[in-house]
Novice: 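Quick one: structure below, then a few questions.
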Amino acid sequence: MEALRAWRASSNLLGFAASRAAKAAPAARPLRLHVRCCSPAAASTTKPPPPPPQDRRRRSASSSSSSTSDRESIRAIRLKKVEELRGKGYEPYAYKWDRTHTTKELQDGYTHLENGEVGVDVAVSIAGRIVARRAFGKLVFMTVRDDSGTIQLYCEKDSLTEEQFEQLKTIIDIGDIIGANGSIKKTEKGELSVYVKNFEILTKSLLPLPDKYHGLTDVDKRYRQRYVDMIANPEVADVFRTRAKVVSEIRKTMESFGFIEVETPVLQGAAGGAEARPFITHHNSLQRDLYLRIATELHLKRMLVGGLEKVYEIGRIFRNEGISTRHNPEFTTIEMYEAYSDYESMMNLAEEIVTRCAMATHGKLRVDYQGTEISLERPWRRETMHSLVKEATGIDFNSFGEDVESAKNAARGIKTESNENISLQACSSVGHVLNEVFETVVESSLVQPTFVLDYPVEISPLAKPHRRYAGLTERFELFICGREIGNAFSELTDPIDQRGRFENQIKQHNAKRAAMTKEVKSTEGKHEEDDFSYEVTLDEDFLTSLEYGMPPASGMGLGIDRLVMLLTNSASIRDVIAFPVLKIQQ
């Protein structure tokens, strides 16, 4: 591969030098050098001898050094081309270009042309990036890509000025962005093309694109340089088009049900609405620390107190926690709240949102995800957490009452698929043990859409107590493909109960924090990334707002990134976030 890149670079340099020499000595015999950029023939014409075996690390370092050297030599050659263009009065970085068509409009509008036919009465103007280039004597073919697709440029020497044809041969490179005018033509082989009469370099690229036939395969580099990933792998852009369609469909759905979109602060005086480690920043003028929000919940509920009855917000959430295929420190959610409704209403709304998004992106309610067919046809399964755990383990956690040790002993006897022990150290109640067993044993098995209902009160500080079952709350989580997509409650509106729940949550957090501190000391400072060393405080202003009276309501949060993962068949959350957070490159 590196030999191929070096061969291309040297070929471009030779072509450039040959053209300069030809101008200086016109009587000399012309050097005919035809280069097929990014063609398989070029790659297979000359096979370099296999390198002698050497140490893998040394070979990797040598390859990296060679790649950097090739890249810099190509950049130097292209910078000289920029200088040459400017020296001749051309600006290689244009201000604008007037297009008459996109490539897709041309492909759709002129399929009727016969092979070899030229639409002489039609003048077209297009623009895009050159992704392939082939030269055959007095003919140059280029493939240009814009946002809608690709089309071939048919460049004939007799139809261009001598200077322009020379630019095609010696100045233009794959990766350049050009504008072209001409007529529409279908070649003898049936390829719809723009028969170029005039062109202009709109942006001269300085760095080479990844090899066309191998693409950009380094996963880390794909995320780190998403712009190159999108050029080398056009299907990546389709993921972000689908994402935009999903967000648009969610907004349409919410508006159709009478919800209004509001905006709440990203910088907050207290991090609330979830239990998560926040990012902390400092405001110099106010001389105070602020937190990037970990949820939009508490401010949206304030809007209900103020009199708005149906509100939602689509926005970024920030949590200073681990990174995985399912987690990114910043992610996008929609949270919605509806006065005078309960969590049954939110189940119906969740089904409505997801099915509408599926129809908008796929046109059907059966989608493939990583080799498994997911049926989104309604109604979806609804089961309580207790019944799902009993179904998977045979243990009825209702029978333990408040006996935490008996619940822990029963959980220790459960065999998991990975043969790992269920983590029970931080479980201070039967509800915590039940939730730990659910997350370890049951969660991954919920492949088809499932609403898991009625969570323990100990792990649901913002949910209303269940109207029929003591110790439980009116809460559900939506699972698809073994991962949580949504979380919803009948909202807690009793300000005294809410204060007590928050205070109890802080006590539990501080107890975990103290235990973690002891563990850190015993392990010489080593600790988990997702620990409890951060401080949790009461949001007194939110509690004050509840004392003015919040109407009965339900609320729900849906993870937009995970929904897009499902609808684009993406294995990692990084595939659906344009610029994910990454570790520092070594």
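Quick note: numbers below take in every heavy atom, side chains included, and nothing from hydrogens, waters or symmetry partners. Predicted, not measured: the structure shown is a model, and the values here were computed from it.
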Novice: Could you tell me whether a side-chain N or O of Asp220 sits under 3.5 Å from a main-chain N or O of Tyr223, the two making a donor and an acceptor?
Specialist: no
Novice: So, Phe438 versus Phe397, ring centres under 6.0 angstrom or not?
Specialist: no
Novice: For the pair Glu474 and Lys464, find out whether any cationic side-chain nitrogen is under 4.0 Å from an anionic carboxylate oxygen.
Specialist: no
Novice: Yes or no on side chain to side chain contact (heavy atoms under 4.5 Å, CB included) for Arg574 and Leu582, after CA distance, side-chain angles and deciding distance?
Specialist: CA-CA 9 Å; Arg574 297 178 189 180; Leu582 300 169; 3.9 Å; yes
Novice: Between Thr332 and Arg243, is there a side-chain donor-acceptor contact under 3.5 Å, judged purely by atom types and distance?
Specialist: yes
Novice: Can a donor-acceptor pair be found between the side chains of Arg475 and Asn487 at a distance below 3.5 Å?
Specialist: yes
Novice: Answer yes or no: is there a donor N or O on one side and an acceptor on the other, between the side chain of Lys245 and the main chain of Cys357, under 3.5 Å?
Specialist: no
Novice: Without swapping roles, check the side chain of Gln505 against the backbone of Gly500 for a donor-acceptor pair under 3.5 Å.
Specialist: no
Novice: Between Arg129 (side chain only) and Gly175 (backbone N and O only), is there a donor and an acceptor less than 3.5 Å apart?
Specialist: yes
Novice: I'd like to know if the side chain of Ser148 pairs up with that of Thr103 as donor and acceptor (distance under 3.5 Å, no hydrogens or angles considered).
Specialist: yes
Novice: Is Arg251 paired with Glu255 through a side-chain N to carboxylate O contact shorter than 4.0 Å?
Specialist: no
Novice: Looking at Thr143, Leu153, Ile178, which one forms a side-chain contact (heavy atoms from CB on, under 4.5 Å) with Ile130?
Specialist: Ile178
Novice: Once you round to the nearest 0.5 Å, how far does OH of Tyr337 lie from OG of Ser554?
Specialist: 9.5 Å
Novice: Does atom OH of Tyr469 have more than 12 heavy-atom neighbours, drawn from other residues, nucleotides or ligands, at distances under 6.0 Å?
Specialist: no
Novice: Look at the side chain of Tyr369 and the backbone N and O of Ser570, then say whether any donor-acceptor pair between them is shorter than 3.5 Å.
Specialist: yes
Novice: Is a salt bridge present between Glu313 and Arg293, judged by a nitrogen-to-oxygen distance below 4.0 Å?
Specialist: yes
Novice: When you look at NZ of Lys310, are more than 12 heavy atoms from neighbouring residues, nucleotides or ligands closer to it than 6.0 Å?
Specialist: yes
Novice: With no hydrogens and no angle check, just 3.5 Å: does a side-chain donor-acceptor pair link Ser125 and Arg99?
Specialist: no
Novice: Using 4.0 Å as the upper bound for N to carboxylate O, is an ion pair formed by Arg356 and Glu249?
Specialist: no
Novice: Can you confirm whether more than 12 heavy atoms, excluding those of Glu235, are under 6.0 Å from its CD atom?
Specialist: yes
Novice: For Asp541, give me all partners under side chain to side chain contact (heavy atoms under 4.5 Å, CB included), at least two apart in sequence or on another chain.
Specialist: Arg302, Asp539
Novice: Determine, stepwise, if the pair Val228 / Leu209 fulfils side chain to side chain contact (heavy atoms under 4.5 Å, CB included).
Specialist: CA-CA 7 Å; Val228 181; Leu209 297 180; 5.5 Å; no
Novice: Do the charged groups of Glu344 and Arg382 touch, with an N to O distance under 4.0 Å?
Specialist: yes
Novice: Is Arg499 reaching over with its side chain to a backbone N or O of Leu538, donor-acceptor style, under 3.5 angstrom?
Specialist: no
Novice: Between Arg483 and Glu477, does any NZ, NE, NH1 or NH2 come within less than 4.0 Å of an OD or OE carboxylate oxygen?
Specialist: no
Novice: Just by distance, no angles: are the side chains of Arg501 and Thr473 close enough, under 3.5 Å, to form a donor-acceptor pair?
Specialist: no
Novice: With no hydrogens and no angle check, is any side-chain donor or acceptor of Asn328 less than 3.5 Å from a backbone partner on Val581?
Specialist: yes
